[in-house]
Each structure stands twice: as C-alpha cells, then as structure tokens.
Amino acid sequence: MFPNEMQILQQLAVLVVCRSLATGQISSRYFFPQKPMPWVKGREYCQSHFVDLAVLNTEEEYSALLSAIPTNNASFWLGLHKKSSGWEWTDGEQLRLTHWYNYNHEGHCVSLEAMFEEKDKLLARYCNEQHRVVCQGPVSPQSVSVDFVNIDHVNLSWNISALMQTTSHYYNVTICSFICETLSYFYTNGSSLMSISVSNLSAATEYFIYVSAVVIHLDHGTNRKWILQDNPTTLKAKTATSNKTHKIFFIVSNSFSLVLLASSFWCIYHIVKKETVQDTSSVDSTIAELLPHRSGSEKLENVIF
Ligand SMILES: *[C@@H]1O[C@H](CO)[C@@H](O)[C@H](O)[C@H]1NC(C)=O
Ligand SMILES: *[C@@H]1O[C@H](CO)[C@@H](O)[C@H](O)[C@H]1NC(C)=O
Ligand SMILES: *[C@@H]1O[C@H](CO)[C@@H](O)[C@H](O)[C@H]1NC(C)=O
Ligand SMILES: *[C@@H]1O[C@H](CO)[C@@H](O)[C@H](O)[C@H]1NC(C)=O
Ligand SMILES: *[C@@H]1O[C@H](CO)[C@@H](O)[C@H](O)[C@H]1NC(C)=O
Ligand SMILES: *[C@@H]1O[C@H](CO)[C@@H](O)[C@H](O)[C@H]1NC(C)=O
Ligand SMILES: *[C@@H]1O[C@H](CO)[C@@H](O)[C@H](O)[C@H]1NC(C)=O
C-alpha cells in the first residue's frame with residue numbers, strides 16, 4: 001500500500017486518522033447564535049437548526065459548556081424550565097445540577113450567566129425576556145461497552161440519552177487496526193440501547209474505536225444540508241493477546257485536506273502495534289478499556305504501549 005513508508009517504519013508504527021469536514025458539516029456540541037430571543041422562540045430556533053436548547057444532565061456537560069461559552073456580557077437561555085413537577089430539562093430529565101446563582105420564584109425559564117465569576121451561573125428568569133441561546137447539537141455516547149471482540153469481529157453497545165432518543169440521528173463508527181473503516185448506523189427506534197455487530201474487520205488483536213453521533217439538518221430556508229457531529233467517544237478493544245509473532249506497520253491517513261473550519265477538524269494520532277495473529281484459540285476472552293477522555297477538536301492523542 002505504502003511501500004516506502006513500510007520500509008522506513010519497519011520498527012515503528014504510526015497510525016493517523018484525520019477527519020476533515022465537508023462543506024456544511026459542523027463538529028461541535030454547543031452553538032451560540034447571536035440573536036437574542038424569548039425562551040420559546042429560542043427553543044424553536046434551536047430545534048429547527050440544531051437539536052434543542054442545551055441540556056446539561058451531568059457535571060461534565062456543565063463544565064464542557066462553561067469552557068465553550070463566549071465569556072461576554074450575555075445571558076444564554078438553556079433548555080431548563082419549570083414544570084409542575086419542578087425544574088426539568090427539555091429532554092424530560094429532572095434537574096440534578098446544583099449550580100443556581102439565583103432563584104427567582106416567578107421566573108420559569110433558566111439562563112446561564114456567562115459573565116459571572118462564580119461557578120454557579122444558573123438564573124431563573126421571566127421566559128419572555130430576550131436573551132441569547134445555547135443550542136445543543138448531537139451527543140456521542142457517554143461510554144461504549146465492548147460486548148465481544150475477536151480478530152475480525154466487534155460487538156459494541158451504548159446507552160442512548162433521553163435527548164438523543166427523541167432525535168433522528170446516526171452514529172459513525174470508525175474502527176482502526178492497521179487500517180480504518182467507518183460505518184454508519186442509524187438509530188431507528190425508541191430503544192434506549194444501541195447495539196451493533198461489526199464483522200469482517202481486517203484481522204487484528206487490537207482496535208481503536210471512535211463513535212460519534214451525527215444529525216443531519218435540512219435548512220428549509222436555504223435548502224442547505226447541515227451535518228452536525230459531536231466529537232467521538234474513543235475506546236480501545238483488545239482480544240486476549242496471543243504472544244507476539246511479528247509486527248506489521250502501516251501509515252494510514254483518511255484525509256489530510258485542510259478545511260476552512262479548522263476548529264471543526266479532529267485528528268487522532270496513535271502509535272500502533274499490530275500483531276499478526278496465528279493463534280486464534282486464545283482470543284475468546286475480552287479486554288476492553290475505555291480511554292479516559294473524548295478526543296476533542298484539534299486535540300492530538302498519543303497512545304503508546
Ligand atoms: C457589560 O454590560 C455593562 C452593563 O450593561 C456595560 O456597562 C459594559 O460596557 C458591558 N461590557 C461589555 C464588554 O459589553
Ligand atoms: C447503560 O445503562 C445501564 C443502566 O443505567 C448501565 O448499567 C450500563 O452499564 C450502561 N451501559 C453503558 C454501555 O454505558
Ligand atoms: C459517516 O461515515 C460515512 C461513511 O460510512 C461517510 O460517508 C460520512 O461522511 C460520515 N459522516 C460524518 C458526519 O462523518
Ligand atoms: C430497537 O432495536 C434494538 C436493537 O437495535 C432492539 O433490541 C429493540 O428491541 C428495538 N426496540 C423496539 C421498540 O423496536
Ligand atoms: C454479536 O452480535 C451479533 C448480532 O447481534 C450476534 O448474532 C452475535 O451472537 C454477537 N456475538 C457475540 C459473541 O456476542
Ligand atoms: C464477510 O465476508 C464473507 C466472505 O467474504 C461474506 O460471505 C460475508 O457475507 C461477509 N459478512 C458480512 C456481514 O459482511
Ligand atoms: C507467552 O509467552 C510467555 C513467556 O514467553 C509464556 O509464559 C506464555 O505461556 C505465553 N502465552 C501464550 C498464550 O502462548
């Protein structure tokens with residue numbers, strides 16, 4: 001495939017996966033339109049362009065939004081409002097975060113006050129006030145479980161959040177050993193679990209797997225198609241290793257073409273070791289390891305082993 005590289009890299013293996021984005025494709029989880037609007041209008045806007053107003057079910061999501069939000073004077077509507085049962089996110093989940101800055105008993109809609117120094121920035125306000133909004137894009141799985149792995153077959157499953165259960169979407173699953181393959185899986189029903197089975201992979205004892213949620217939006221005004229994609233959830237799946245026989249190394253690059261949206265470009269860099277597998281008797285047990293974080297935009301990730 002790459003004869004020169006093969007020679008140079010006989011003892012060193014490198015695998016680079018880069019995902020560049022097509023026109024109209026955005027890779028992010030939160031979006032910050034400029035225009036101030038009342039809460040209900042803001043929700044409609046987010047639903048027609050993205051997924052919904054931002055829903056923050058976990059501390060991790062709250063922190064992720066704080067690090068992404070423009071720190072200017074603005075207040076941003078979130079997808080959090082008061083129902084008869086209490087404070088509820090627009091996906092139907094109850095509020096679990098305790099980050100109230102202030103709690104106005106008459107306000108039924110919640111904004112995030114980006115300019116506050118405090119960590120607690122939630123503020124209940126009157127819903128007809130006009131503020132900017134935080135729109136929510138698709139969300140990749142929180143974690144992925146490897147149900148089965150052998151030298152050419154991987155079974156994966158993940159929970160679907162309430163938000164994604166009500167959103168038509170699909171997952172792009174990239175599985176890399178010494179080459180990468182990307183497959184798309186549509187979420188078709190109201191199930192809370194997605195399970196996939198990928199067979200006929202190029203034989204390997206170790207796979208790097210990237211699962212990202214994708215939503216496609218057709219803008220009826222301009223008739224343009226927007227592809228919204230969250231950063232991938234990253235994991236490694238390993239068959240129980242047979243002893244090393246010999247190693248084969250490749251360089252793989254999906255695409256290196258630079259795109260205008262540089263921040264929407266993610267790149268994963270691995271030092272990869274591939275062992276040819278001759279002993280298939282020892283591959284029936286499974287070691288699956290979740291890498292500690294998602295690979296974010298422009299973040300390079302090194303895994304050396
Ligand atoms: C922030 O708001 C205050 C009061 O509304 C205003 O005086 C100040 O100029 C604003 N700052 C910025 C950076 O917009
Ligand atoms: C899915 O959710 C169930 C119940 O909360 C949990 O036991 C399971 O570990 C989750 N699976 C994954 C892959 O996160
Ligand atoms: C998802 O994968 C398919 C190939 O299976 C590819 O054509 C498509 O561009 C990918 N979509 C995104 C958003 O990466
Ligand atoms: C949804 O699909 C999953 C498999 O992906 C299946 O286990 C489940 O039974 C389906 N649920 C419904 C309601 O069709
Ligand atoms: C992997 O998934 C496929 C399809 O759901 C299933 O038929 C197969 O039994 C699974 N393999 C294992 C080892 O669980
Ligand atoms: C896997 O490959 C074999 C032989 O090439 C083919 O017969 C089979 O249909 C393939 N299975 C899948 C699930 O693609
Ligand atoms: C791998 O090699 C070690 C030591 O060389 C040996 O003890 C072990 O049994 C071998 N494992 C397998 C699966 O062959």
Side-chain angles (χ1 to χ4, degrees), residues 15 17-29 47 50-52 55 57 61 91 136-204 206-218 225-239 252 254-255 264-268 270 286-291 293-297 301:
L15 173 110
V17 185
C18 284
R19 157 93 49 235
S20 63
L21 300 172
T23 319
Q25 186 171 342
I26 307 175
S27 183
S28 180
R29 188 182 286 189
Q47 286 178 328
F50 304 97
V51 170
D52 205 333
V55 168
N57 285 316
E61 287 169 338
D91 68 353
Q136 169 82 59
V139 182
S140 295
Q142 194 89 26
S143 65
V144 174
S145 109
V146 180
D147 301 328
F148 174 75
V149 52
N150 75 7
I151 55 160
D152 67 352
H153 189 142
V154 176
N155 280 6
L156 304 173
S157 63
W158 56 89
N159 287 328
I160 316 270
S161 66
L163 175 82
M164 295 310 281
Q165 279 179 41
T166 54
T167 305
S168 163
H169 67 287
Y170 65 93
Y171 294 92
N172 261 12
V173 178
T174 300
I175 303 186
C176 303
S177 53
F178 62 103
I179 61 158
C180 291
E181 296 174 45
T182 298
L183 297 156
S184 302
Y185 295 89
F186 282 82
Y187 174 71
T188 48
N189 61 21
S191 136
S192 61
L193 185 76
M194 182 91 186
S195 46
I196 64 167
S197 170
V198 191
S199 52
N200 287 1
L201 292 164
S202 323
E206 206 156 51
Y207 296 100
F208 293 93
I209 302 173
Y210 309 94
V211 181
S212 55
V214 184
V215 164
I216 296 187
H217 251 294
L218 191 63
K225 202 165 80 170
W226 288 99
I227 301 171
L228 309 169
Q229 179 178 12
D230 192 14
N231 291 321
T233 302
T234 305
L235 63 145
K236 183 165 85 171
K238 240 180 181 175
T239 59
V252 179
N254 271 359
S255 163
S264 306
F265 176 79
W266 58 264
C267 202
I268 301 153
H270 283 311
T286 301
I287 302 164
E289 180 188 336
L290 278 176
L291 299 180
H293 58 271
R294 291 148 193 268
S295 59
S297 307
E301 196 177 347

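The first residue in the sequence is number 1, and the count goes up from there.
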- Query: Looking only at heavy atoms, which two atoms of V149 and A237 are closest? And how far apart?
  - Reply: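 V149 and A237 have their closest heavy atoms at CG2-CB, 4.3 Å.
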Quick check: closest heavy atoms across G137 and L163, and the distance to 0.1 Å?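 Heavy atoms of G137 and L163 come nearest at O-CD2, 4.5 Å.
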Yes or no on side chain to side chain contact (heavy atoms under 4.5 Å, CB included) for F208 and C180, after CA distance, side-chain angles and deciding distance?
CA-CA 9 Å; F208 293 93; C180 291; over 6 Å; no
[atom1]-[atom2] distance between [X] and [Y], expressed to the nearest 0.5 angstrom:
| X | Y | atom1 | atom2 | answer |
| --- | --- | --- | --- | --- |
| Y170 | S168 | OH | OG | 10.5 Å |
| L156 | I196 | CG | CD1 | 4.5 Å |
| L183 | I175 | CG | CD1 | 6.5 Å |
| S143 | N159 | OG | CG | 6.5 Å |

Checking the side chain of [X] only, and the main-chain atoms of [Y] only, is there a donor and an acceptor separated by less than 3.5 Å?
| X | Y | result |
| --- | --- | --- |
| Q136 | V55 | yes |
| T167 | H169 | no |
| S140 | N231 | yes |
| Q165 | I160 | yes |
| S177 | Y207 | no |

Taking C-beta and beyond as the side chain, do [X] and [Y] meet within less than 4.5 Å on heavy atoms?
| X | Y | result |
| --- | --- | --- |
| L228 | F50 | yes |
| N150 | F148 | yes |
| P138 | M164 | yes |
| V154 | D147 | no |
| I216 | K225 | yes |
| S202 | I179 | yes |
| T239 | E206 | no |
| T234 | I209 | no |

| query | Taking atom types as modelled, is there a side-chain donor on N155 or S197 under 3.5 Å from an acceptor on the other? | reply |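 Note: N155 and S197 side chains meet the donor-acceptor criterion.
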Item checked: Donor on one side chain, acceptor on other, S184 and N172, under 3.5 Å ->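 S184 vs N172: donor-acceptor pair found between side chains.
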message: For a side chain to side chain contact (heavy atoms under 4.5 Å, CB included) check, start with the C-alpha distance between Y171 and W158, then their side-chain angles and the critical distance, and finish with the verdict.
response: CA-CA 11 Å; Y171 294 92; W158 56 89; 3.3 Å; yes
Please lay out, stage by stage, how E181 and T174 fare under the test side chain to side chain contact (heavy atoms under 4.5 Å, CB included).
CA-CA 5 Å; E181 296 174 45; T174 300; over 6 Å; no
